[in-house]
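A short worksheet on the structure shown next.
By convention in this document, chain letters (A, B, ...) are assigned in the order of the sequence lines, proteins followed by strands, and residues within each chain are numbered from 1.
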Amino acid sequence: EDQVTQSPEALRLQEGESSSLNCSYTVSGLRGLFWYRQDPGKGPEFLFTLYSAGEEKEKERLKATLTKKESFLHITAPKPEDSATYLCAARLDSTGGFKTIFGAGTRLFVKA
Amino acid sequence: NAGVMQNPRHLVRRRGQEARLRCSPVKGHSHVYWYRQLPEEGLKFMVYLQKENIIDESGMPKERFSAEFPKEGPSILRIQQVVRGDSAAYFCASSSSGPYSYNSPLHFGNGTRLTVT
């Protein structure tokens with residue numbers, strides 16, 4: 001069964017304390033690995049797409065990497081405004097097109 | 001350029017009533033997806049539609065739930081005879097069409113929060 005698993009479920013950091021979020025996936029026919037940010041009461045907001053092992057993408061304090069079985073979201077020197085839920089999603093082939101399945105997310109809390 | 005619009009934002013229904021959730025995709029997007037999210041859980045895929053066609057409904061319960069995306073107008077997710085277990089946030093997402101559409105990320109609305117009393 002296609003599956004995306006994220007860890008940890010929650011992460012509490014002090015401002016400036018760098019860390020990484022993990023996303024492991026077991027899917028057939030992976031078309032892309034996506035990272036989203038979700039704030040309370042809002043829909044997910046797109047951050048990155050990764051397509052092949054070894055690929056890296058960066059945006060401000062965030063860097064996403066991809067291996068054949070995992071993706072990591074590295075957060076360097078986080079600020080309180082980085083507090084949110086970070087969702088990982090795998091896009092795979094499906095009937096008539098493709099579909100995207102999500103992990104349960106990592107809730108990040110950054111304290112000033 | 002407007003993003004994905006969902007309405008209503010909040011919907012309260014009594015058990016046994018019908019709930020209709022609406023979604024207008026990003027202009028020019030012809031792929032629509034519905035997801036359900038329970039507190040502290042991930043997004044669960046329900047259904048994938050293109051204009052006038054249901055492409056994949058493998059995540060949608062076979063009874064009481066239906067979805068459509070007509071040629072004109074918004075996509076509708078309909079839940080008949082709602083029960084307390086249907087209470088959740090329902091998110092709609094859209095993506096662009098084309099031969100490389102698997103590249104395009106999903107654009108999400110801010111969801112409809114359904115509460116069944």
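When each of A:Ala10, A:Gly105, A:Gly41 is checked for heavy-atom pairs under 4.5 Å with chain B, A:Gly41 comes out on top.
Other residues, nucleotides and ligands place no more than 12 heavy atoms under 6.0 Å from the CD atom of B:Glu57. Around atom CZ of B:Arg20, more than 12 heavy atoms belonging to other residues, nucleotides or ligands sit under 6.0 Å away. A 6.0 Å sphere centred on CD of B:Gln81 holds no more than 12 heavy atoms belonging to other residues, nucleotides or ligands. Atom NZ of A:Lys111 is surrounded by 12 or fewer heavy atoms from other residues, nucleotides or ligands within 6.0 Å. Summarising the local packing, NZ of A:Lys42 is surrounded by 12 or fewer heavy atoms from other residues, nucleotides or ligands at distances under 6.0 Å. Heavy-atom neighbours of A:Arg61 CZ from other residues, nucleotides or ligands within 6.0 Å: above the threshold of 12.
Taking every heavy atom of both residues into account, B:Pro105 and A:Phe34 meet most closely at CA-CE2, 3.7 Å. Closest heavy-atom contact between B:Asn110 and A:Gly43: OD1-N, 3.0 Å.
For B:Gln6, no part lies under 4.5 angstrom from a heavy atom of chain A. Heavy-atom distances place no part of A:Gln6 under 4.5 Å from chain B, backbone and side chain included.
In this structure, A:Arg91 CZ and B:Leu106 CG are separated by 5.0 Å, a value rounded to the nearest 0.5 Å.
Under a hydrophobic-cluster definition in which Ile, Leu, Val, Met, Phe, Trp and Tyr are linked whenever side-chain heavy atoms come within less than 4.5 Å, directly or via other members, A:Tyr86 and A:Phe72 are assigned to different clusters.
Ring pair B:Phe108/A:Tyr36: centre-to-centre distance below 6.0 Å. Proximity of the aromatic rings of A:Phe102 and B:Phe45 is defined here by a centroid distance below 6.0 angstrom, and this criterion is not met.
In this structure the side chain of A:Ile101 never reaches within 4.5 angstrom of the side chain of B:Lys44, judged on heavy atoms.
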